[in-house]
Structures are given as C-alpha cells and as structure tokens.
Novice: 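For reference, the structure I am asking about is given below.
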Amino acid sequence: MSFKLEKVDQNTNARAGVLETGHGLVQTPIFMPVGTVGSVKAVDFTFLKEDIKAKIILGNTYHLYLRPGIDIIEKAGGLHKFNTWDGPILTDSGGYQVFSLSANRKLSEEGAMFKSHIDGSKHLFTPENVVEIQRSIGSDIMMALDECTPYPCEYDYAKKSMEMTHRWLDRGFTHYKNTQPKYGFNQHYFPIVQGSVFENLRKESAKVISSYDAAGYAIGGLSVGEPHHMMYDMIDVVNDILPKEKPRYLMGVGTPENIIEGIARGVDMFDCVMPTRNGRNGMLFTSEGIINIKNKKWEDDFSPIDPNGTSYVDYKYSKAYLRHLIHSNEYLGPQIASIHNLAFYLELVRQARQKIIDGDFNQWKNAILPKLKQRL
RNA sequence: GGGGAGAUACCAAAGUGGCCAACUGGGGCAGACUGUAACUCUGCUGUCUUAUGACUUCGGAGGUUCGAAUCCUCCUCUCCCCA
C-alpha cells in the first residue's frame, strides 16, 4: 500500500493524502463507516457507495468469526464477495471487544479468551490467529490485536497492558510477514499505539510501534470516556513521533468536532459508530447543529432534515416526518437517520480535505466548530 | 324482563382497612450513546418553580372507622350471559 501526502497545512498539522489499496484509492482525511458484522447497520451498500460516497468501511474480526463464521466467509470468497462491498475494508482485530466485552473475557500473555456473547462458547484470540482470521475475511487493512484499556486506568496497569500489546504486536507482525493473502490482493497490517492518557507511555508506545515497517499506524485506547483535552493531548504526543509519510488512524473517533480536531492534529483516518448508532437513536448531526429528532419541537417542522445536506434523504424528507418515523419505531426512521449522518460525516471530511488543499483549513475549522457542537 | 361482572392516573392493568400519590406495561417528555452484545439504555410522568415538604386523588353522593382506592348505603355508567 502506498500513501501519498499531497499537502500539509501550514497553520495546523492537518494533512491531505491519498491511500492506495487493493480495492481502490482513498483520499484522506477520511471517515470510515463501521460495518461490524459485515453490514453498515440500516444502510444498503448501493446507498453507502453512491449517495453517501463512503470509500472504505470497517468489519470486525470477533463478530465475523463468531457469525457467520470464517468457513462461510471463505466459501463466499472473502467478505467483499460476501457482502458486495467492492471498496477497501478495514477490520478491527477484536481489541475493542477486549474493552467493550470485558466481562466476557480473560486476558493472558497468550491472548484473549472470550466467552461468546451469542452462545457462551469459548474462543481464544491470539495475535497470530487474529491475523489468520483477517486473512480469511480478506480485509485490506488488518489490525493488530491489542488491549484497549478503559478510562480511568491506573498507571501501572496501563504500562503493563501497553507492554503486552507490544509483545502481541511483535508476534502478530511476525505472523503477518510469514503468511500470504488469500484472495489475490495485498493486505496490510496496522500496529496500534496504547498507553492510556499517560504522556510518557504514549511516547514509548509510539516509538515502539514506529519501529515496525507497517503501512500505517493506529492510535487506540482513546475516546473511552476521558475528557476531550486529554484525547487531543495524546494525539499530539503520538503524532509527533509516528512516521510523517504513513497514514495515521485514530480508532473509534468520534463526534464531528473530535474528527476536525483530530484532522488538525495530523490524523488521516477515523471510524466511529456514532453516526449510525446515534442516528438510530434519533441524534442527527447537521450543518446547522445537533438535533435530537425525537424532541417535541420538531413535531411540525416540515423543513428538510438538512437544508445544506448532500444526501438524497436530506431534501427528500422533513424533520417532522423523520420524527414521526422514529417515534413510530418504523424501520425507515433509523435508515434515513443513518444515511443522513453518514453523508454528513463524509461531506465533512471531504470539505476538510479541500480546505487543507486550498490552504484555509484553520479558518474553516474555527468557523465551523461552533456549529458542529451547537445543540438545536 | 332475569342473572352476573365491573368502574383506579393519558391508555391498559395491579392493589381489596394503615407499609398508597398508588406495582407493572404502553404512551408522553427529556437525557445518554465515540475501533457496535445497542431500532439500546437511563430518568421523569397528580398539583405546588425546589422538597427527607405540603396539598388534592382511585365513577358520584353519603356513611362506618383513629385511619378508606380498599367496608356499608344509594345513585350513575359500562360489559357479559339468558329471555
């Protein structure tokens, strides 16, 4: 995979680049919709591609391994064939499930032993077999197995955890080098920086991770409940060390504001469930501000969902109608909300990229930020 | 015409002498959600701007009792069965 930096902003660390994958080019900065079980919840792939203009999406190793199972995905010829998404796919390793399903797993040096949330069966995820599984899924970008630590986190625990994540990385990377893609296109392997909210740990982790000749590098363990300023500080610390010529991926982030702040700090790739999950729950990110569409005040507001929106749904449907759908628990409601939010996120990063190239990113950022945060 | 059952908050529905301003659903109103166990979860939902506080409530009117949504009398209404 090659990554070409096209422009670096003069006032911030924002970058515009192009990522080349076995499934096409991705202009960065980019937001990647999350498709955990091989589907971006409530959004048809045709819409995802043509209306939302998503370029790369996520899948999840843990979830896809449990269901439908790796044998099925292999029989299908990989996840791209299975779900019809022909753009790049990045798969998370299950490291986030180490955090989110912490009650169902035990960690050891060997790996993470999970008790399936579906049927209670036990499954060991190791740095090595997680590479194998992602080979079988056929993701364009495979993530290293890591431990995403919670917040707050004791320093001693964060340090030990980070060190184990580093050892896991070494095993995983070796295994990655010793195995081949299964479907005729290159697969890449991203290491992940950990270290919780401790500057010295983050620095150490960034250095260790940078010593691996990877196609890109990820920042994990953030947006797990820490204050925003801490997250931003950690991004600064880490990006100061990570190789400039490689893409940086900030895992699981975030709100539109978080993403703009991340871009300003030199992050190239983002993913988050927020546009889809919060959308399903009635939260809309719009050019005018944040809307809780369930609120009574939208009951008779027949204006478009977003008058400046780029999606078909933005001018097709009114706020009042969407509110009615969500209130009535109609399937169409979460669909429209998810499509709108994703389109908004993708348009946001497209604009950011254009502003970086035009050289007025910082101005634009300062102008747009208050609106992104504003609650309507 | 005869026999039976019942009326509780926006709706449904518990409660049958004090622990009842009243269980639980639904609805309504608000909040949360960041590498997705999530179309999920949390709070509030008689009135009083706040309450470990006050006041008014369980079809209506009387009554019994220290005390009634709960017991008694009458009234009004609803539903079911038989003619």
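All figures in this text were calculated on a predicted structure; none of them were measured in a lab.
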Novice: Across the strands shown, which category fits A:Gln194 at heavy-atom distances under 4.0 angstrom: base, sugar-phosphate, nothing?
Specialist: base
Novice: Regarding A:Asn258, tell me which of base, sugar-phosphate or nothing describes its non-hydrogen contacts under 4.0 Å with the strands shown.
Specialist: base
Novice: Could you tell me the Watson-Crick or G-U partner of B:C29, where both distances fall under 3.5 Å? Say none if there is no partner.
Specialist: B:G43
Novice: Scan A:Asn292 against the nucleic acid and name what it touches under 4.0 Å (heavy atoms): base, sugar-phosphate only, or nothing.
Specialist: sugar-phosphate
Novice: Given the C1' atoms of B:A69 and B:A21, what is the spacing between them in whole Å?
Specialist: 11 Å
Novice: Using a 4.0 Å heavy-atom cut-off, does A:Ser100 contact any base of the nucleic acid, only the sugar-phosphate backbone, or nothing at all?
Specialist: sugar-phosphate
Novice: Any salt bridge (charged side-chain N to carboxylate O under 4.0 Å, His left out) involving residues 359-376 of chain A? Give me the pairs, sequence neighbours left out, ordered by first then second residue.
Specialist: A:Glu257-A:Lys373, A:Glu261-A:Lys365
Novice: Taking atom P in both B:A12 and B:U8, what distance in whole Å separates the two?
Specialist: 7 Å
Novice: Quick one: closest heavy-atom pair of A:Tyr345 and A:Pro256, and the distance?
Specialist: OH-CD, 3.3 Å
Novice: Which nucleotide, if any, forms a Watson-Crick or G-U wobble pair with B:C79, using both distances under 3.5 Å?
Specialist: B:G4
Novice: Looking at A:Glu6 and A:Arg353, does any basic side-chain N land under 4.0 Å from a carboxylate oxygen?
Specialist: yes
Novice: Distance between the C1' atoms of B:A32 and B:U24, in whole angstroms?
Specialist: 24 Å
Novice: Using the C1' atom on both, measure B:C74 against B:C23 and round to a whole Å.
Specialist: 32 Å
Novice: Between B:U64 and B:U70, how many Å separate the two P atoms, rounded to a whole number?
Specialist: 15 Å
Novice: Go ahead and name the base partner of B:A37; Watson-Crick or wobble counts if both distances stay under 3.5 Å, otherwise write none.
Specialist: none
Novice: Look at all strands and tell whether A:Glu330 reaches a base, only sugar-phosphate, or nothing, counting heavy atoms closer than 4.0 Å.
Specialist: nothing
Novice: Holding to ring pair (Phe, Tyr, Trp, His ring centres under 6.0 Å), I want the full list of residues that pass it with A:Tyr321, two or more places apart in sequence or in another chain.
Specialist: A:Tyr317
Novice: Just to be sure I understand the rule, does A:His228 reach a base, reach only the sugar-phosphate, or reach nothing, if contact means heavy atoms closer than 4.0 Å?
Specialist: base
Novice: Between B:G59 and B:C10, how far is it from one P atom to the other, in whole Å?
Specialist: 13 Å
Novice: Would you classify A:Gly282 as touching base, sugar-phosphate or nothing, given that sugar-phosphate means primed atoms plus P, OP1 and OP2, and contacts are heavy atoms under 4.0 Å?
Specialist: nothing
Novice: Pick base, sugar-phosphate or nothing for A:Asn60, based on heavy-atom distances below 4.0 Å to the nucleic acid.
Specialist: sugar-phosphate
Novice: How would you list, by chain and number, every residue that makes a salt bridge (charged side-chain N to carboxylate O under 4.0 Å, His left out) with A:Lys160, sequence neighbours excluded?
Specialist: none
Novice: B:C58 pairs with which nucleotide, Watson-Crick or G-U wobble, both distances below 3.5 Å?
Specialist: none
Novice: Would you mind pulling out the nucleotide paired to B:G18, Watson-Crick or G-U wobble, both distances under 3.5 Å?
Specialist: B:C66
Novice: NA contact type, A:Phe99, heavy-atom cut-off 4.0 Å: base, sugar-phosphate, or nothing?
Specialist: nothing
Novice: Around atom CZ of A:Arg167, are there more than 12 heavy atoms of other residues, nucleotides or ligands at under 6.0 Å?
Specialist: yes
Novice: On a whole-Å scale, what distance lies between the P atoms belonging to B:U34 and B:A30?
Specialist: 22 Å
Novice: Taking only residues two or more places apart in sequence, or in another chain, which ones meet A:His340 in a ring pair (Phe, Tyr, Trp, His ring centres under 6.0 Å)?
Specialist: none
Novice: Need two values: the first and the last nucleotide of RNA chain B, 5' to 3', having an atom under 4.0 Å from any heavy-atom of chain A.
Specialist: B:G28 to B:U40
Novice: Rounding to the closest angstrom, what is the interatomic distance between B:A51 and B:C44 at atom P?
Specialist: 11 Å
Novice: For A:Tyr65 and A:Gln134, does a side-chain donor sit closer than 3.5 Å to a side-chain acceptor?
Specialist: no
Novice: Give A:Asn281 one of three labels, base, sugar-phosphate or nothing, depending on what nucleic acid heavy atoms sit under 4.0 Å from its own.
Specialist: base
Novice: Quick one: label A:Arg375 by what it contacts on the DNA or RNA (base, sugar-phosphate, nothing), any heavy atom closer than 4.0 Å.
Specialist: sugar-phosphate
Novice: Regarding A:Leu58, tell me which of base, sugar-phosphate or nothing describes its non-hydrogen contacts under 4.0 Å with the strands shown.
Specialist: sugar-phosphate
Novice: Categorize A:Arg323 for me: base, sugar-phosphate, or nothing, with a 4.0 angstrom heavy-atom threshold over every strand shown.
Specialist: sugar-phosphate
Novice: Output every pair passing side-chain hydrogen bond (donor to acceptor under 3.5 Å, both in side chains) with a member in residues 112-121 of chain A, not counting sequence neighbours, ordered by first then second residue.
Specialist: A:Tyr62-A:His117, A:Ser116-A:Asp119, A:Asp119-A:Ser121, A:Ser121-A:His123
